[in-house]
Peer 1: 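Okay, here's the structure, questions in a sec.
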Amino acid sequence: MVVHGGMDYRIAYTQGMTLINAAKLRGYQQISLFPNENHWVPNPNSVLWQREFFGWLASGLNRILNPSDIPELED
């Protein structure tokens with residue numbers, strides 16, 4: 001997941017866009033750019049940010065914690 005605020009003074013806009021473009025080339029699907037936000041994403045965009053973040057987190061945890069993916073131990 002890549003999230004960038006276009007007005008973030010900690011990370012230059014060009015660096016954020018470089019990361020976003022690299023992520024797109026590698027096939028990442030969850031990319032969020034908030035052009036009018038800084039390092040923090042306050043209301044009303046915070047609701048969107050939280051939905052995307054927790055959805056991304058849940059999908060990653062489901063892949064890791066899925067019991068059917070755990071191989072059986074052999075005796």
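The figures that follow rest on heavy atoms only: side chains count, while hydrogens, waters and symmetry mates do not.
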Peer 1: Can you tell me if Met17 has over 12 outside heavy atoms packed within less than 6.0 Å of its CE?
Peer 2: yes

Peer 1: For Ala23 versus Ile31, what's the shortest heavy-atom pair and its separation?
Peer 2: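 Scanning both residues, the minimum pair turns out to be CB-CD1, 4.0 Å.
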
Peer 1: Which residue pairs pass the side chain to side chain donor-acceptor pair (under 3.5 Å) test with at least one member in residues 6-20, sequence neighbours excluded?
Peer 2: Asp8-His39

Peer 1: Ring pair (Phe, Tyr, Trp, His ring centres under 6.0 Å) with Trp40: which residues, sequence neighbours excluded?
Peer 2: none

Peer 1: Could you tabulate the donor-acceptor pairs under 3.5 Å formed by side-chain atoms of residues 45-58, not counting sequence neighbours?
Peer 2:
from: Asn45; atom 1: ND2; to: Glu37; atom 2: OE2; distance (Å): 2.6
from: Ser46; atom 1: OG; to: Asn43; atom 2: OD1; distance (Å): 2.6
from: Glu52; atom 1: OE1; to: Ser32; atom 2: OG; distance (Å): 2.2

Peer 1: Would you say Leu19 ends up clustered with Ile11 if hydrophobic residues are merged whenever their side chains have heavy atoms under 4.5 Å apart, either directly or through other cluster members?
Peer 2: no

Peer 1: What pair of heavy atoms forms the shortest contact from Ile20 to His4, and how long is it?
Peer 2: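 Of all heavy-atom pairs spanning Ile20 and His4, the closest is CD1-CB, 4.1 Å.
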
Peer 1: Suppose we screen for ring pair (Phe, Tyr, Trp, His ring centres under 6.0 Å). Which residues come up paired with Tyr28, at least two apart in sequence or across chains?
Peer 2: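 Scan of Tyr28 (ring pair (Phe, Tyr, Trp, His ring centres under 6.0 Å), adjacent residues dropped) gives none.
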
